[in-house]
Peer 1: 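One structure coming up, written as structure tokens, with questions to follow.
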Amino acid sequence: MASGGMSHFQEAIREELEGAMKADLERILSTAPESELEHTKKDLAGFQKLFHRFLQEKGPAVDWGKIQRPPEDSIQPYEKIKAKGLPDNIASVLNKLVVLKLNGGLGTSMGCKGPKSLIGVRNENTFLDLTVKQIEHLNTTYNTDVSLVLMNSFNTDEDTKKILQKYSHCRVKIHTFNQSRYPRINKESLLPIAKDLSYSVENAESWYPPGHGDIYASFYNSGLLDRLIGEGKEYIFVSNIDNLGATVDLYILNHLLNPPNGKKCEFVMEVTDKTRADVKGGTLTQYEGKLRLVEIAQVPKAHVDEFKSVSKFKIFNTNNLWISLSAIKRLQEANAIDMEIIVNPKTLDGGLNVIQLETAVGAAVKSFENSLGINVPRSRFLPVKTTSDLLLVMSNLYSLQAGSLTMSEKREFPTVPLTKLGSSFTKVQDYLKRFESIPDMLELDHLTVSGDVTFGKNVALKGTVIIIANHGDRIDIPPGAVLENKIVSGNLRILDH
């Protein structure tokens, strides 16, 4: 009786919360200008569905006892895919492909205003420039029509659209659509903190883009999905715009369109071997007979160390995904795309605690038929999240051809050096001021820099180099210096005479 009474009580609270949310969302919707009414309605309806599910679910989303290693054949080595070779007519497979880049993020973590995709990463080229160059190279080489789709957020849409004009002469059709705009909710009351739909400065913190899992509904609602299917497109290749390793792979595309057993995969996730640096990455598992992506946030606390172990879960998700367009349409229309909710707590500038409900694009793997993991080389995962990553991709470790970065042949081993730049380098403009030119890093294994450090021109770093300027000290590495297996500390000033 007690438990029955409790569940009735919980149900009553849930109903009350849903009722209050519905009333609040209707009040917010009433402030929408006529031109925005239709898509705002869709956004808020999507949010309401997510909120309903949030109230139903409690605790970690996975039952640890049910997690198994995926069967051998469900994750194929890339070498096996590549061994099949390429079709005689490469254009015929390329013409069925669309490249979709997730372009909703801002450059704030690297101290930049505006979309992250507009940060310069190599020879004055931005992430977006490199993407366009890669696709243009494919289209001119094979005489094809691979188009680029950008999923923007309300944070990046305006700035991105302004910049797109510069590509009007490129041989790439570029489409954009916006992911949803969802209301942040007060952690205590579980009600939206937004008072209206305006884009005013004080209202900016009230809204958020709900993670890249929103791609399926937003892509469908934009009408672009149907349009691309109508043009004869069959697959999208989805990746983060800041992953410079995520280029179109003709072998994977051929595997999708000409499967060896005649049975097409609706969803391919590129995974790669975990290193100690990747222990937090989501991993592919077998769960209730289906491939399932498990993220660290879903793991019960008692099992987090086991989840991080490199021996039990050997691979992680690169977020390079190949997905069937017709399957997205079918599942979206049947309301059958199931993704776990990620509850992301935030503290706003004024100290208010809020939560935002998000989903991840890869979590839908279990909703598609005949899903497959492909274990790809590490070179297909080259994300630029920090200036330490930026230093690697700007250096002579990589060469740039037709928008694609490849590891220099002069590097004797295929792994990337471990690089840690301190807080003085966090912002891109500070980082650029501290290097007169990017050092030669071909023979570098490990670099740690901390404190007020600058680098002169033509410096070479080899082996393990650690440079630490303590508080109040400054270290200027002189032009032409060669540091091999050195620790530099203390004070070293070089001043113009």
Peer 1: Quick one: are Glu340 and Glu295 in side-chain contact, heavy atoms under 4.5 Å?
Peer 2: no

Peer 1: Tell me if the NZ atom of Lys385 is crowded by more than 12 foreign heavy atoms within 6.0 Å.
Peer 2: yes

Peer 1: So does Asn95 get a backbone contact from the side chain of Lys233, meaning a donor-acceptor N/O pair under 3.5 Å?
Peer 2: yes

Peer 1: Are the side chain of Gln179 and the backbone of Gly211 linked by a donor-acceptor contact shorter than 3.5 Å?
Peer 2: yes

Peer 1: Looking at the rings of Tyr216 and Tyr220, which for Trp means the six-membered one, are their centres under 6.0 Å apart?
Peer 2: no

Peer 1: Counting N and O atoms only, with roles assigned by atom type, does the side chain of Ser367 sit under 3.5 Å from a partner on the main chain of Asp338, one being a donor and the other an acceptor?
Peer 2: yes

Peer 1: What are the two closest non-hydrogen atoms of Gln298 and Leu293, and how far apart are they?
Peer 2: OE1-O, 3.7 Å

Peer 1: For side-chain contact (heavy atoms from CB on, under 4.5 Å), just list the numbers for Ile236 and Leu325, CA-CA rounded to whole Å, side-chain angles, deciding distance to a tenth of an Å, and then say yes or no.
Peer 2: CA-CA 7 Å; Ile236 45 168; Leu325 292 174; 3.6 Å; yes

Peer 1: Once you round to the nearest 0.5 Å, how far does CG of Leu405 lie from CG of Leu397?
Peer 2: 10.5 Å

Peer 1: Between Ser408 (side chain only) and Ser399 (backbone N and O only), is there a donor and an acceptor less than 3.5 Å apart?
Peer 2: no

Peer 1: Compare every heavy atom of Phe368 with every heavy atom of Ala364, then report the nearest pair and how far apart it is.
Peer 2: O-CD1, 3.2 Å

Peer 1: What distance separates Lys113 NZ from Leu106 CG, expressed to the nearest 0.5 Å?
Peer 2: 11.5 Å

Peer 1: Heavy-atom count check: over 12 atoms from other residues, nucleotides or ligands less than 6.0 Å from Gln429 CD?
Peer 2: yes

Peer 1: Between CG of Leu392 and CE of Met394, what distance do you get to the nearest 0.5 Å?
Peer 2: 11.5 Å

Peer 1: Contact between Tyr78 and Pro377 at the side-chain level, heavy atoms closer than 4.5 Å - yes or no?
Peer 2: yes

Peer 1: Tell me, yes or no, whether the heavy-atom count around Gln401 atom CD, taken from other residues, nucleotides or ligands under 6.0 Å, exceeds 12.
Peer 2: no

Peer 1: How close do Pro192 and Ile28 get, heavy atom to heavy atom, and via which atoms?
Peer 2: CB-CD1, 3.9 Å

Peer 1: Say you draw a straight line from NZ of Lys274 to NZ of Lys314; how long is it, rounded to the nearest 0.5 Å?
Peer 2: 10.0 Å

Peer 1: Just by distance, do the side chain of Glu136 and the backbone of Arg171 share a donor-acceptor pair under 3.5 Å?
Peer 2: yes

Peer 1: Give a yes or no on whether Lys49 atom NZ has more than 12 heavy-atom contacts from other residues, nucleotides or ligands under 6.0 Å away.
Peer 2: no

Peer 1: Take Val149 and Leu228 through the test side-chain contact (heavy atoms from CB on, under 4.5 Å) and record every step on the way to the result.
Peer 2: CA-CA 10 Å; Val149 174; Leu228 292 166; 4.1 Å; yes

Peer 1: Heavy-atom distance under 4.5 Å between the side chains of Asn458 and Ser437, does that happen here?
Peer 2: yes

Peer 1: Do the side chains of Asp157 and Lys161 get close enough for a salt bridge, i.e. N-O under 4.0 angstrom?
Peer 2: yes

Peer 1: Taking only residues two or more places apart in sequence, or in another chain, which ones meet Thr126 in a side chain to side chain contact (heavy atoms under 4.5 Å, CB included)?
Peer 2: Leu128, Asp129, Tyr167

Peer 1: Looking just at side-chain N and O atoms, do Asn103 and Asn152 make a donor-acceptor pair shorter than 3.5 Å?
Peer 2: yes

Peer 1: Is the closest side-chain donor-acceptor distance between Asn344 and Tyr208 under 3.5 Å?
Peer 2: no

Peer 1: Between CG of Leu352 and CD1 of Ile193, what distance do you get to the nearest 0.5 Å?
Peer 2: 5.5 Å

Peer 1: Within the side chain of Thr140, is there an N or O that forms a donor-acceptor pair under 3.5 Å with the backbone of His137?
Peer 2: yes

Peer 1: Which is it for Leu55 and Leu190 under the side-chain contact (heavy atoms from CB on, under 4.5 Å) test, yes or no, and what are the steps along the way?
Peer 2: CA-CA 10 Å; Leu55 293 179; Leu190 296 185; 4.3 Å; yes

Peer 1: Identify whether the distance between the nearest side-chain nitrogen and carboxylate oxygen of Lys308 and Asp305 falls below 4.0 Å.
Peer 2: no

Peer 1: Looking only at atom types and distance, does a side-chain atom of Asp43 sit under 3.5 Å from a main-chain N or O of Arg181, one as donor and one as acceptor?
Peer 2: yes

Peer 1: List the atom of Phe455, the atom of Pro439, and the distance in Å for their closest heavy-atom pair.
Peer 2: CD2-CG, 4.3 Å

Peer 1: Counting C-beta onward and ignoring hydrogens, is there a side-chain heavy-atom pair between Arg380 and Thr247 closer than 4.5 Å?
Peer 2: yes

Peer 1: Any Lys/Arg nitrogen of Arg434 or Asp452 sitting under 4.0 Å from an Asp/Glu carboxylate oxygen of the other?
Peer 2: yes

Peer 1: Could I get the full list of ring pair (Phe, Tyr, Trp, His ring centres under 6.0 Å) partners for Phe219, not counting sequence neighbours?
Peer 2: Phe177

Peer 1: Could you tell me how the ring of Phe316 sits relative to the ring of Phe381: parallel (under 30°), tilted (30 to 60°) or perpendicular (over 60°)?
Peer 2: perpendicular

Peer 1: Heavy-atom distance under 4.5 Å between the side chains of Val99 and Gln134, does that happen here?
Peer 2: no

Peer 1: Indicate whether the side chain of Thr275 and that of Asp278 have a donor and an acceptor atom separated by less than 3.5 Å.
Peer 2: yes

Peer 1: Any non-hydrogen side-chain atom of Leu94 less than 4.5 Å from a side-chain atom of Leu250?
Peer 2: yes

Peer 1: List the steps, then state whether salt bridge (charged side-chain N to carboxylate O under 4.0 Å, His left out) holds for Asp273 with Arg378.
Peer 2: CA-CA 7 Å; Asp273 292 344; Arg378 180 74 183 202; over 6 Å; no

Peer 1: Around Arg27, counting heavy atoms of other residues, nucleotides and ligands shown, do more than 12 lie under 6.0 Å from its CZ?
Peer 2: yes

Peer 1: For Asp226, what residues pass the salt bridge (Lys or Arg N to Asp or Glu O under 4.0 Å) criterion, not counting sequence neighbours?
Peer 2: Lys329

Peer 1: With a 4.5 Å limit on heavy-atom distance, are the side chains of Ser379 and Thr406 in contact?
Peer 2: no

Peer 1: So does Gly451 get a backbone contact from the side chain of Arg474, meaning a donor-acceptor N/O pair under 3.5 Å?
Peer 2: no

Peer 1: Could you check whether Phe51 and Tyr182 have their ring centres less than 6.0 Å apart?
Peer 2: no

Peer 1: Is the number of heavy atoms from other residues, nucleotides or ligands under 6.0 Å of Lys187 NZ greater than 12?
Peer 2: no

Peer 1: Is atom CD of Glu158 surrounded by more than 12 heavy atoms (other residues, nucleotides or ligands) closer than 6.0 Å?
Peer 2: no

Peer 1: Run the salt-bridge test on Glu26 and Lys22 with the 4.0 Å N-O cut-off and return the result as yes or no.
Peer 2: yes

Peer 1: What are the two closest non-hydrogen atoms of Ser189 and Leu17, and how far apart are they?
Peer 2: O-CD2, 3.9 Å

Peer 1: Give the minimum heavy-atom separation between Tyr431 and Phe425, together with the two atoms involved.
Peer 2: CB-O, 3.4 Å

Peer 1: Do any N or O atoms from the side chain of Thr464 and from the backbone of His446 form a donor-acceptor pair under 3.5 angstrom?
Peer 2: no

Peer 1: Consider only side-chain N and O atoms of Asn319 and Asn243, and report whether a donor and an acceptor are under 3.5 Å apart.
Peer 2: no

Peer 1: For the pair Leu447 and Leu391, evaluate side-chain contact (heavy atoms from CB on, under 4.5 Å) and give the outcome as yes or no after the intermediate values.
Peer 2: CA-CA 11 Å; Leu447 173 68; Leu391 178 63; 3.9 Å; yes

Peer 1: Given side chains that start at C-beta, do those of Val98 and Glu231 come closer than 4.5 Å, heavy atoms only?
Peer 2: no

Peer 1: From Phe237 CZ over to Asp249 CG, what is the distance, rounded to the nearest 0.5 angstrom?
Peer 2: 8.0 Å

Peer 1: Distance-only, no hydrogens or angles: does the Asp473 side chain make a donor-acceptor pair with backbone N or O of Ile475 under 3.5 Å?
Peer 2: no

